[in-house]
S.K.: 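Here's a structure for you.
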Amino acid sequence: MPFRLLIPLGLLCALLPLHHGAPGPDGTAPDPAHYRERVKAMFYHAYDSYLENAFPYDELRPLTCDGHDTWGSFSLTLIDALDTLLILGNVSEFQRVVEVLQDNVDFDIDVNASVFETNIRDPNFMEVSFIRLSTLVVGGLLSAHLLSKKAGVEVEAGWPCSGPLLRMAEEAARKLLPAFQTPTGMPYGTVNLLHGVNPGETPVTCTAGIGTFIVEFATLSSLTGDPVFEDVARVALMRLWESRSDIGLVGNHIDVLTGKWVAQDSGIGAGVDSYFEYLVKGAILLQDKKLMAMFLEYNKAIRNYTRFDDWYLWVQMYKGTVSMPVFQSLEAYWPGLQSLIGDIDNAMRTFLNYYTVWKQFGGLPEFYNIPQGYTVEKREGYPLRPELIESAMYLYRATGDPTLLELGRDAVESIEKISKVECGFATIKDLRDHKLDNRMESFFLAETVKYLYLLFDPANFIHNNGSTFDAVITPYGECILGAGGYIFNTEAHPIDPAALHCCRRLKEEQWEVEDLMREFYSLKRNRSRFQKKTMSSGPWQPPTGPGTFSSPENQDQAREKQPAKQKIPLLSCPSQPFTSKLALLGQVFLDSS
């Protein structure tokens, strides 16, 4: 293409460091211990300010030291910050907040959950982000539920397959299900939590609003045994996949009734971003090769049509022609996502481009004109977003490159210098003159501070490599939890992938294991007899997908209904480094068994 990026020479020459001190022992790299404590102090300054001035409202207004509802009056900052408390090691406050949420959160309210904007119409009727209600509320409650035992919360019998936070997450998710009742299976952008989809509701929804459910909904289906959540999320993902253009791109907004694209700009940023994120994270969480294959096909098209000199632009989805030569701050998640698929070199090059923008302004403006090397009018703000820090955390885990710690250092120094006020941290309204806005969004505590802390805390339990784990007894047998491999949803709430296999182990799987064990021991007694049996019956196939639990007395009936080809999840738990005799189909046989 004839398009060329013209980065002003002065941009790179004028990048001045924003920090003063706290280097590492060699005089160059930041000291992780120093900045870990700085980040912890940032968290408590913001968190305590919210509790003192804003709770039970959704968010803190730091310039006026009060609170306001922005997402539906759910005390969202408290829900969002809950797992951050545990990551910082504050077990007692985690326990207290769990009790507060159980006593105070109510989803039976006349609230419209919308992907478009926050708009208070009257005291009893408000719009909140539909995606954030799923990823923040449902995801936050699921994460807190799965981390409860680690936090010392007294869990009820049957945990993690039951519990008050799980029931709250299920209640919230059920409020969203009416939005998926469309001819295409792609959800409306808005649903009223009390009455369902309002008559005359617009059918136009952004791509991210359709494709950002599989992590939370598949987890919820696995823990509750109700497949409806994962089913609707998968249908929505497939409909988007089938709606891509001939050159393999998706647009920004689509009509969920007709499946026709309304906004045809294609990129990796706002309105699309978490769709790509959830294809990758859903594939990892569920060990789903199809989801990963979908993303890799998208990745080829994105490289072919939107990538220029390690930046990613916006193009027309059918033609691939450039429509907006801008970088959006929300796109800064992309290097972290690339690291998850092992594309480290490309990820680092793109990350370093984005880092130059941070150093130019002390933050990432919402829109940045790449050819001009400057902000875009009316998009000069920085609401303390986490995406670049998120990518730094992922890439540092993958590479150990000290440049990534330097970004963390610059983030701490610039946020404290520019944004810190008496009652928390304020959104930066304009990065050109560092004027502030009277808002501290909940993601500052849930994501920005969390990713900063994890960047500087390599020994955190979240980074567990499988060397430690918890064995818990569920109604379906022993389960391994906390062995690592946590998947962060788009709001940075960690989900333990092993938990997905704690509550859905089928009795059919159990008798398949018993059959295998019998065959294993009979092999020692009569090898030729076993081989003959195998050749006559064909290769063994593992049991298949979703089903219902059967009682021991119904096992014979279940065997008769067994499908010809069966399949189980590839992942039973992230790691099993402990001593074991045998591990089959997620069933671990310890030496004591």
Side-chain angles (χ1 to χ4, degrees), residues 43 47-48 50-52 54-60 67 69-111 113 126 128 132-177 193-194 216-217 219-226 229 442-443 445-446 450 470 472 474-475 481-482 489 491-496 499 502-503:
F43 173 85
Y47 181 76
D48 292 345
Y50 168 76
L51 291 181
E52 293 169 8
F55 178 79
Y57 291 102
D58 283 334
E59 290 181 351
L60 170 69
D69 284 330
T70 55
W71 303 105
S73 192
F74 300 128
S75 302
L76 288 196
T77 293
L78 206 59
I79 297 176
D80 233 0
L82 186 51
D83 49 61
T84 307
L85 286 166
L86 186 58
I87 286 172
L88 268 60
N90 194 336
V91 172
S92 59
E93 182 64 3
F94 181 99
Q95 295 172 353
R96 187 190 73 83
V97 173
V98 166
E99 293 181 2
V100 169
L101 293 176
Q102 292 179 46
D103 294 339
N104 291 280
V105 174
D106 180 14
F107 299 113
D108 285 323
I109 54 176
D110 193 6
V111 167
M126 302 187 305
V128 303
R132 292 202 78 197
L133 190 58
S134 172
T135 58
L136 190 161
V137 176
V138 178
L141 291 172
L142 286 173
S143 178
H145 165 72
L146 293 174
L147 292 172
S148 292
K149 192 175 182 66
K150 181 176 285 293
V153 174
E154 185 176 350
V155 297
E156 66 184 38
W159 181 90
C161 309
S162 65
L165 294 180
L166 176 59
R167 289 189 286 273
M168 290 173 65
E170 182 180 6
E171 180 186 359
R174 289 199 184 280
K175 299 289 185 180
L176 305 181
L177 291 180
L193 299 186
L194 195 60
E216 296 80 15
F217 276 27
T219 300
L220 193 57
S221 284
S222 296
L223 295 178
T224 64
D226 188 341
F229 303 106
S442 67
F443 59 67
L445 293 177
K450 181 184 296 170
D470 295 313
V472 299
T474 76
L481 290 174
N489 81 342
E491 301 283 346
H493 297 303
I495 301 295
D496 187 343
C502 288
C503 308

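Scope of the values below: all heavy atoms of this structure, side chains included, with no hydrogens, waters or symmetry mates. By convention here, the first residue in the shown sequence is residue 1. Please read these numbers as outputs of a predicted model, since none were measured by experiment.
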S.K.: Give the C-alpha distance, both sets of side-chain angles, the deciding distance and a yes or no for salt bridge (charged side-chain N to carboxylate O under 4.0 Å, His left out) between Arg96 and Glu93.
M.R.: CA-CA 5 Å; Arg96 187 190 73 83; Glu93 182 64 3; 2.7 Å; yes
S.K.: Roughly how far apart are Asp80 CG and Leu136 CG, rounded to 0.5 Å?
M.R.: 3.5 Å
S.K.: Just how far is it from atom CG of Leu85 to atom CG of Leu445, taken to the nearest 0.5 Å?
M.R.: 8.5 Å
S.K.: Which heavy-atom pair separates Leu78 from Tyr47 by the least distance, and what is that distance?
M.R.: CD1-OH, 3.7 Å
S.K.: Evaluate the salt bridge (charged side-chain N to carboxylate O under 4.0 Å, His left out) criterion for residues Asp226 and Arg174: first the C-alpha distance (whole Å), next the side-chain angles of each, then the deciding distance (0.1 Å), finally the verdict.
M.R.: CA-CA 11 Å; Asp226 188 341; Arg174 289 199 184 280; 2.7 Å; yes
S.K.: Got a second to check how far Leu146's CG is from Asp496's CG, nearest 0.5 Å?
M.R.: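 Rounded to the nearest 0.5 Å, the CG-CG separation comes to 6.5 Å.
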S.K.: Could you tell me which non-hydrogen atom of Asn489 sits nearest to which non-hydrogen atom of Thr135, and how far apart they are?
M.R.: ND2-O, 2.6 Å
S.K.: Taking atom CD of Glu170 and atom NZ of Lys175, what is their separation to the nearest 0.5 Å?
M.R.: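 One gets 12.0 Å once the value is rounded to the nearest 0.5 Å.
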S.K.: Is it the case that over 12 heavy atoms from other parts of the model lie below 6.0 angstrom from the CD atom of Glu156?
M.R.: yes
S.K.: Start with the C-alpha gap between Leu60 and Thr77, add the side-chain angles, then the distance that decides, and say whether side chain to side chain contact (heavy atoms under 4.5 Å, CB included) holds.
M.R.: CA-CA 8 Å; Leu60 170 69; Thr77 293; 6.0 Å; no
S.K.: Between Ala169 and Leu220, which heavy-atom pair has the shortest distance, and what is it?
M.R.: O-CD2, 4.1 Å
S.K.: May I ask you to check if the distance between the SG atoms of Cys503 and Cys161 is under 2.5 Å?
M.R.: yes
S.K.: Of the non-hydrogen atoms in Ala492 and Asp83, which two are nearest, and what is the gap between them?
M.R.: O-OD1, 4.1 Å
S.K.: Between the side chain of Tyr50 and the main-chain N/O of Tyr57, is any donor-acceptor distance below 3.5 Å?
M.R.: yes
S.K.: Are any of the side-chain heavy atoms of Leu177 and Phe217 separated by less than 4.5 Å?
M.R.: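 Yes, close enough: below the 4.5 Å cut-off.
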S.K.: Is it true that a side-chain atom of Ser148 and a backbone atom of His145 form a donor plus acceptor pair closer than 3.5 Å?
M.R.: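 Flag set: sc Ser148 to bb His145 pair under 3.5 Å.
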S.K.: With sequence neighbours left out, write down each residue that passes side chain to side chain donor-acceptor pair (under 3.5 Å) with Thr224, or none if nothing qualifies.
M.R.: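 Once residues adjacent in sequence are excluded, Thr224 has no partner under the side chain to side chain donor-acceptor pair (under 3.5 Å) criterion.
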S.K.: Grab the two heavy atoms, one from Ala144 and one from Leu82, that are nearest each other, plus how far apart they are.
M.R.: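 Of all heavy-atom pairs spanning Ala144 and Leu82, the closest is CB-CD2, 3.3 Å.
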S.K.: Please walk me through it: do Leu166 and Trp159 pass side chain to side chain contact (heavy atoms under 4.5 Å, CB included)?
M.R.: CA-CA 9 Å; Leu166 176 59; Trp159 181 90; over 6 Å; no
S.K.: From Glu216 CD over to Leu142 CG, what is the distance, rounded to the nearest 0.5 angstrom?
M.R.: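 Reported value, rounded in 0.5 Å steps: 7.5 Å.
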S.K.: Is it the case that the side chain of Ser162 and the backbone of Ala157 share a donor-acceptor pair, with hydrogens and angles ignored and the cut-off at 3.5 Å?
M.R.: yes
S.K.: For side chain to side chain contact (heavy atoms under 4.5 Å, CB included), just list the numbers for Lys149 and Asp470, CA-CA rounded to whole Å, side-chain angles, deciding distance to a tenth of an Å, and then say yes or no.
M.R.: CA-CA 10 Å; Lys149 192 175 182 66; Asp470 295 313; 5.8 Å; no
S.K.: Locate the shortest heavy-atom distance separating Asp69 from Asp58; write the atom from each residue and the value.
M.R.: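 In terms of heavy atoms, the two residues are closest at OD1-N, 3.0 Å.
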S.K.: Under 3.5 Å, side chain of Glu491 to main-chain N/O of Phe443, donor-acceptor pair present?
M.R.: no
S.K.: Nearest 0.5 angstrom please: Ile87 CD1 to Lys450 NZ, how far?
M.R.: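 Reported value, rounded in 0.5 Å steps: 4.5 Å.
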